[in-house]
Structure formats: structure tokens, C-alpha cells
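Computed from a predicted model, the values in this text were never measured in an experiment.
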Amino acid sequence: MKKLFAALLSASFLLSPIVASQASADDFRRPPVVVQKKVIVKKTVVRPHWKKGYRVNARERRHFRDVNDYRRYRLAPPPRGYRWVRADNDFLLIGVTSGVISSIIVGR
């Protein structure tokens, strides 16, 4: 029994390098795995909260679009010295010279 166990143990030590070399040879036969990573960058838009009486500075005014066809959006005609501007989906009635917000219509 001891001789059988000793023979099996020595056979396992002799065969282990052959099995290991066969396993590593299989690794070279397989095509390499290529992992492609897709990176998505989301911009967070910081949207100012418009309030009546807030003075709009020149930097913010660059992002506004003038609304000349205010009837199309069912807006009242602006009084003299004011104009309608569009910031995203919000319509603001601001003073031409002062830049103060007089009226806000959200999300039309």
C-alpha cells in the first residue's frame, strides 16, 4: 500500500509540469481578448433660477435669444424699453438698459 501511494505521488510530481505546459500552450492558441471601453461624458447644465427683479449680467445675456415674434408664443407685446428673450424654454421680459427681469414665463 505504501509503495502504491509513493508511486502515485511521484507520478503526480513528474506529470504536473507536463500538464502545466499543456495549459499554457492552450493559452497561446486562443485569440487575445480585446476589451473596448466606452466612455460617456454627461454635461451637467447649471440652470439659473430666474427671479423677478434679478439683474442679468452681460455673460448671461450672451446665452439669450431675442424673441421678435412674441405673438407666435402667445406673449404680450413688450412695453417700451423692454424686450422678450428666451433662455432655454423660459421667456423673460427684461429691461433693455438695466437688464432687470420684469416678468417670467416658464416652459412654453
Side-chain angles (χ1 to χ4, degrees):
M1 180 81 165
K2 288 183 182 180
K3 289 183 181 182
L4 179 64
F5 183 70
L8 288 175
L9 187 61
S10 64
S12 68
F13 282 122
L14 293 174
L15 294 176
S16 64
I18 297 170
V19 173
S21 67
Q22 183 64 32
S24 64
D26 288 343
D27 290 342
F28 290 116
R29 288 187 199 134
R30 283 189 237 146
V33 178
V34 178
V35 178
Q36 292 181 349
K37 193 173 187 180
K38 186 175 183 180
V39 177
I40 299 173
V41 178
K42 291 185 179 180
K43 288 185 178 179
T44 56
V45 177
V46 178
R47 205 170 148 193
H49 299 283
W50 305 117
K51 292 182 181 177
K52 190 173 179 179
Y54 176 75
R55 184 180 302 271
V56 182
N57 59 22
R59 175 194 246 173
E60 293 171 333
R61 279 188 234 168
R62 282 186 228 140
H63 299 290
F64 292 161
R65 291 180 305 250
D66 288 339
V67 177
N68 294 327
D69 52 346
Y70 51 87
R71 288 184 190 94
R72 175 181 173 196
Y73 299 104
R74 296 181 183 169
L75 300 172
R80 180 178 292 218
Y82 289 89
R83 65 181 174 152
W84 284 107
V85 294
R86 187 172 185 176
D88 296 329
N89 277 344
D90 302 336
F91 291 94
L92 309 173
L93 183 64
I94 62 170
V96 174
T97 57
S98 64
V100 175
I101 297 176
S102 174
S103 178
I104 304 165
I105 297 181
V106 180
R108 274 211 182 160

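Interatomic distance, S103 OG to W50 CH2, rounded to the nearest 0.5 Å: 14.0 Å. Rounded to the nearest 0.5 Å, atoms CG (L75) and CG (D69) are 9.0 Å apart. Note that CD1 of I104 and CD1 of I94 are 11.5 Å apart. Values are rounded to the nearest 0.5 Å. Between the NE2 atom in H63 and the CG atom in D88 there is a gap of 10.0 Å [rounded to 0.5 Å].
Taking every heavy atom of both residues into account, W84 and P78 meet most closely at CD1-CD, 3.8 Å.
In this structure, Y73 and F91 have tilted ring planes: the angle between them lies in the 30° to 60° band.
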What's the verdict on side-chain contact (heavy atoms from CB on, under 4.5 Å) for I101 and V56, showing C-alpha distance, side-chain angles and the deciding distance?
-> CA-CA 7 Å; I101 297 176; V56 182; 3.7 Å; yes
Step-by-step side-chain contact (heavy atoms from CB on, under 4.5 Å) determination, Y70 to R86 | CA-CA 10 Å; Y70 51 87; R86 187 172 185 176; over 6 Å; no
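Applying the 6.0 Å contact sphere to CZ of F64 captures more than 12 heavy atoms from other residues, nucleotides or ligands.
Counting heavy atoms from C-beta outward, R83 and L93 have side chains that stay 4.5 Å or more apart.
One hydrophobic cluster, built from ILVMFWY side chains closer than 4.5 Å, holds both V106 and L92.
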